[in-house]
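Working notes, structure below.
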Amino acid sequence: MRSIRRVVAVGLVGGAMTLTAACGGGTGGSAAKADLGAGAAAATPAATAPAAAPTSAVPKVSTAAVSIEPKAGSVDVAPNALRIGATGGRLTTVKVSDRAGKEVPGTISADGASWTPTAGLEVGTAYQVSAMAADANGAVATADSSFTTLTPTALVKASDNVDNDATYGVGMIVSVNFGKDVKNKDEVLRGITFQTDNGTVVKGHWFDDRRLDFRPEQYWAPGTKVVVHYRLKSVEIAPGVYGADRDEPFTIGRSQVSTVDAAAHKMTVVRDGASSDIDISAGAPEHPTWNGTMVVMSKEGVVRMQSSTLPGMTGAPYDLQVPHSMRLTDSGTYVHGNYWSSSSTFGEDNVSHGCVGLKDVEGGGANTSMGKFYDGSLVGDVMVVKNSIRKETLDPANGLSGWNMPWSNW
């Protein structure tokens, strides 16, 4: 009853306030009654008038819809499986981040229908996704998702012929080999990039399912600083098999291009513009040297060479410890020292089994023609052979011989 009395009291006070306002300064009793009647009559219509219409508009439902794959809560998601799109409108905002808040860069397509990350996601990582799209009237739709990428069960190493901080010749070709057949070649190719200090463009070429070679269009400029970036940790190289991330810096040294004229038995060496000639002996008519551009693959010093290891070899058998040997092809072409032929052979005759021989002494001499050439050479130096009687074309995949392939086919 106490609460009821309080309500009534409030009502009376309100009535008194209404009377005071309606009196307009009147003082008489009958006049007060008349004013009370007038006040009551004035209050009745206000109490029964219909409610005013709301002033705020009902929110519009967007015709846009946002789709996110994978679905929320997904696990063991492939790093390249993220798909974000919009229908009935255009994507306006997309945010993809890991639990530490690191955002994944990406771009919205020109038509606003999709968003694509600039690189694959990290493996073994939890991600959150938030996306927003707007329809033609500006009404907004949103969607969210969270998922975890897979943890690889197998890894494959991408090995190459580059050592960190080493210096190579201007013909250097970076050759990458994988321990398993590569199925996703395009993704692997995107995962290996070259950073150069002078803007040199480098392209890759697949020779088979396991070998990927890289080179520029022309020989490298001397002094070029290069960093190879491997970003294969989140790239599925083969089904269920992933790679690793690393960086490999190297430098291109001075320019040296040597041209062997097999018919003239001469080799012209051009180093940083300075030219010199050396007498040589190339492949004999029974075993002519390849024509074409080769690259020094390795400096191997003294190498045991046996005729029995070469299929189809004819002539007198040999078993030699060959000094100052530098490999030019996988199939066994070398430029090396020769101490078993007479001095008159060099510059006059071709007697080798396909290699290019320079005068040397047994065990290798520092002051011989081959000793000096060996000491001044780098892995990656160019060797061009011309005028050999051999008609077959050197396979670009035989050693680092990719310079024999036109850039348009590379």
Side-chain angles (χ1 to χ4, degrees), residues 118-120 156-238 241-257 292-299 326-330 378-384 394-410:
T118 56
V156 63
K157 183 178 181 181
S159 59
D160 62 27
N161 57 338
V162 174
D163 291 328
N164 284 347
D165 300 316
T167 300
Y168 298 103
V170 296
M172 185 61 178
I173 292 177
V174 178
S175 186
V176 185
N177 288 272
F178 297 86
K180 292 182 178 293
D181 289 351
V182 176
K183 301 301 181 183
N184 299 319
K185 291 181 178 178
D186 289 343
E187 290 188 37
V188 169
L189 191 59
R190 286 192 292 269
I192 305 175
T193 59
F194 281 68
Q195 175 186 343
T196 61
D197 67 344
N198 56 12
T200 300
V201 176
V202 179
K203 286 172 58 177
H205 178 83
W206 288 98
F207 280 112
D208 55 33
D209 290 337
R210 297 192 178 193
R211 178 179 171 183
L212 173 61
D213 282 14
F214 292 89
R215 70 170 177 89
E217 182 175 5
Q218 306 293 335
Y219 298 146
W220 298 90
T224 302
K225 295 186 180 302
V226 186
V227 181
V228 188
H229 298 292
Y230 287 88
R231 296 296 180 266
L232 300 176
K233 177 182 177 182
S234 299
V235 175
E236 190 177 27
I237 294 173
V241 179
Y242 289 76
D245 294 351
R246 71 180 190 273
D247 296 324
E248 291 184 343
F250 66 90
T251 301
I252 301 299
R254 82 291 177 273
S255 173
Q256 178 171 295
V257 178
T293 301
M294 293 168 256
V295 171
V296 175
M297 300 172 61
S298 57
K299 297 177 68 175
M326 296 194 294
R327 181 180 285 273
L328 299 177
T329 68
D330 294 322
L378 296 172
V379 171
D381 280 349
V382 179
M383 293 274 303
V384 180
L394 176 61
D395 186 347
N398 190 354
L400 304 179
S401 304
W403 298 106
N404 295 293
M405 179 181 292
W407 183 246
S408 57
N409 296 338
W410 186 258

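In this chain, residues are counted from 1 in sequence order. Bear in mind the structure is a predicted one, so any value in this text is a computation, not a measurement.
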Thr196 meets the side-chain contact (heavy atoms from CB on, under 4.5 Å) criterion, sequence neighbours left out, with Asn198, Thr200, Trp220, Thr224, Val226

Is there a side-chain contact between Pro249 and Asn164 (heavy atoms, below 4.5 Å)? yes

Above 12 or not: heavy atoms from other molecules or residues under 6.0 Å from NZ of Lys180?
no

Requested in this report: Might you confirm whether atom NZ of Lys157 has over 12 heavy atoms from other residues, nucleotides or ligands at distances under 6.0 Å?
Outcome: no

Taken in chain and number order and not counting sequence neighbours, the residues that satisfy side-chain contact (heavy atoms from CB on, under 4.5 Å) with Asn409 are Met405, Pro406

Here the gap from Trp407 atom CH2 to Arg215 atom CZ, rounded to the nearest 0.5 Å, amounts to 6.0 Å

Query - Pair Lys225 + Asp165, salt bridge at N-O below 4.0 Å - result: no

Closest non-hydrogen contact found for Met294 with Ser401 is CG-OG, 4.1 Å

Discussion item. Side chains of Tyr219 and Thr293, heavy atoms from C-beta outward: is any pair under 4.5 Å?
Written reply: yes

Pair up each side-chain donor or acceptor in residues 185-195 with any protein partner under 3.5 Å, not counting sequence neighbours, and list the distances.
unit_1, atom_1, unit_2, atom_2, d
Lys185, NZ, Asp209, OD1, 2.7
Glu187, OE2, Asn80, ND2, 3.0
Gln195, OE1, His229, NE2, 2.8

Heavy-atom closest pair (Asn404 atom, Leu394 atom, distance to 0.1 Å) is ND2-CD2, 3.8 Å

Practice task
Report the C-alpha separation of Val296 and Leu328 in whole Å, then their side-chain angles, then the decisive distance to 0.1 Å, and conclude whether the side chain to side chain contact (heavy atoms under 4.5 Å, CB included) test is met.
Solution key: CA-CA 5 Å; Val296 175; Leu328 299 177; 4.1 Å; yes

Taken to the nearest 0.5 Å, the spacing of Asp245 CG from Lys233 NZ works out to 6.5 Å

CD (Glu236) and OH (Tyr242) are apart, to the nearest 0.5 Å, by 4.0 Å

So, the side chain of Asn398 versus the backbone of Thr329: is there a donor-acceptor pair under 3.5 Å, distance only? no

Note: Val257 and Val384 closest approach over all heavy atoms is CG1-CG2, 4.5 Å

Residues passing the side-chain hydrogen bond (donor to acceptor under 3.5 Å, both in side chains) test with Thr251, sequence neighbours excluded, are none

Sequence neighbours excluded, the answer for side-chain hydrogen bond (donor to acceptor under 3.5 Å, both in side chains) partners of Asp160 is Tyr230

Rounded to the nearest 0.5 angstrom, the NZ-CD1 distance for Lys183 and Ile237 is 13.0 Å

Hey, can you pull the donor-acceptor pairs under 3.5 Å for the side chains in residues 168-178, sequence neighbours left out?
unit_1, atom_1, unit_2, atom_2, d
Tyr168, OH, Asp163, N, 2.8
Ser175, OG, Arg211, NE, 3.4
Ser175, OG, Asp213, OD1, 2.6

Nearest heavy-atom contact between Asp181 and Arg210 is OD1-NE, 2.7 Å

ask   = Can you check whether Pro396 reaches Trp410 side chain to side chain, under 4.5 Å on heavy atoms?
value = no

Between Glu217 and Trp403, the two heavy atoms sitting closest are O-CZ3, 3.7 Å

